[in-house]
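Heads up, the thing below is written out as structure tokens.
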Amino acid sequence: MAMVSEFLGQLSLNVAQETLYPTVVPARDFDPDRDAARIETAIKTKGVDEQTIIDVLTKRTYSQRREIAFAYERRAKKDMITALKAALSGSLETVVLGLMKSTSQYDASEIRGSIKGLGTDEETLIEILCSRSNDELVEIKRVYNEREFKTSWLF
């Protein structure tokens with residue numbers, strides 16, 4: 001036991017401080033029409049240009065992604081999320097569709113997915129419910145109750 005205490009005493013831990021700024025910042029040269037055109041071209045490309053979709057959507061904030069979706073709808077006369085669902089598959093589809101949701105929308109859908117069907121994904125529930133602030137939980141509750149997955153016992 002003394003050896004463990006000695007080892008732990010010599011161990012230096014690099015404890016990172018919590019980030020107080022956003023990790024995805026608004027693009028400086030943002031043009032939703034240009035980005036919508038890039039995504040439309042990427043979807044129409046034979047075999048789908050996944051890299052362009054990744055490059056555009058991962059380097060924009062949620063509000064910028066929403067603007068791109070509106071510009072896409074004006075341009076292509078169809079919903080961008082529906083087009084992305086049709087063009088992508090697997091894990092990339094899951095990530096891209098998740099990017100198109102707000103944080104509270106994403107959390108609400110993850111909660112729904114974790115309790116839907118047989119069994120419960122307790123890890124997901126614990127992760128979301130224990131790591132969000134009270135204000136975030138209130139917003140998740142609002143979004144959850146707005147959606148088709150209303151239940152009287154949740155929150």
Side-chain angles (χ1 to χ4, degrees), residues 15-45 47-155:
V15 180
Q17 291 186 338
E18 186 175 332
T19 303
L20 301 176
Y21 49 88
T23 56
V24 177
V25 294
R28 280 191 253 151
D29 60 341
F30 177 64
D31 179 1
D33 294 317
R34 183 184 64 220
D35 288 345
R38 289 182 64 197
I39 289 178
E40 183 180 25
T41 303
I43 289 172
K44 288 181 177 179
T45 300
V48 181
D49 182 2
E50 295 174 345
Q51 192 59 50
T52 297
I53 294 170
I54 292 167
D55 290 344
V56 170
L57 296 180
T58 59
K59 292 179 175 76
R60 306 294 184 265
T61 63
Y62 170 71
S63 61
Q64 289 178 329
R65 289 190 293 266
R66 295 305 309 152
E67 287 184 52
I68 294 167
F70 292 133
Y72 183 93
E73 191 169 339
R74 284 191 308 270
R75 176 185 184 80
K77 306 289 187 244
K78 58 182 167 184
D79 181 51
M80 186 173 95
I81 294 172
T82 304
L84 289 169
K85 279 183 187 178
L88 304 173
S89 64
S91 298
L92 181 60
E93 177 186 9
T94 303
V95 170
V96 168
L97 295 179
L99 285 171
M100 296 308 296
K101 297 176 182 178
S102 70
T103 305
S104 54
Q105 289 171 336
Y106 183 79
D107 285 347
S109 66
E110 288 297 301
I111 288 172
R112 176 60 180 157
S114 69
I115 61 175
K116 186 178 177 184
L118 295 175
T120 302
D121 179 2
E122 290 89 2
E123 279 188 36
T124 299
L125 288 174
I126 291 168
E127 173 67 29
I128 293 171
L129 298 177
C130 294
S131 66
R132 303 304 188 261
S133 69
N134 285 341
D135 290 340
E136 289 170 324
L137 290 173
V138 167
E139 180 62 15
I140 292 167
K141 175 184 173 183
R142 187 190 65 73
V143 169
Y144 189 98
N145 288 328
E146 270 182 9
R147 301 268 176 190
E148 67 277 357
F149 28 85
K150 292 181 183 178
T151 58
S152 59
W153 56 268
L154 186 64
F155 303 105

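Everything numeric here is computed off the predicted structure, so don't read it as measured data.
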If you count every heavy atom of other residues, nucleotides or ligands that lies below 6.0 Å from Glu127 atom CD, does the total exceed 12?
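Count not over threshold, so no.
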
So with a 6.0 Å cut-off around OH of Tyr106, is the heavy-atom count from everything else above 12?
no

From [X] [atom1] over to [Y] [atom2], what is the distance, rounded to the nearest 0.5 angstrom?
X	Y	atom1	atom2	answer
Ile111	Thr124	CD1	OG1	9.5 Å
Lys59	Gln64	NZ	CD	13.0 Å
Glu50	Leu92	CD	CG	5.0 Å
Asp35	Phe30	CG	CZ	5.5 Å
Ile128	Glu123	CD1	CD	12.0 Å
Ile115	Glu122	CD1	CD	11.5 Å

Grab the two heavy atoms, one from [X] and one from [Y], that are nearest each other, plus how far apart they are.
X	Y	value
Pro32	Ala71	O-CB, 3.7 Å
Arg65	Met100	O-CE, 3.7 Å
Ser131	Glu136	O-OE1, 4.4 Å

Residue of the set Asp33, Ile43, Ile81 for which side chain to side chain contact (heavy atoms under 4.5 Å, CB included) holds with Tyr72
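Filter result, single survivor: Ile43.
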
Out of Leu57, Thr58, Thr52, Val56, which one pairs with Ile54 under the side chain to side chain contact (heavy atoms under 4.5 Å, CB included) rule?
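It is Thr58; the other options fail the test.
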
Check whether any side-chain heavy atom of [X] sits under 4.5 Å from a side-chain heavy atom of [Y], and report yes or no.
X	Y	result
Glu73	Asp79	yes
Arg142	Val138	no
Val143	Asp107	no

Charged tip of Arg74 within 45° of Phe70 ring normal and under 6.0 Å:
no

Go through it in stages, so that I can follow the logic: the residues are Val48 and Ile53, the test is side-chain contact (heavy atoms from CB on, under 4.5 Å), and I'd like the CA-CA distance, side-chain angles, deciding distance and then a yes or no.
CA-CA 9 Å; Val48 181; Ile53 294 170; 3.9 Å; yes

side-chain contact (heavy atoms from CB on, under 4.5 Å) between Met80 and Leu84, intermediate numbers included
CA-CA 6 Å; Met80 186 173 95; Leu84 289 169; 4.0 Å; yes

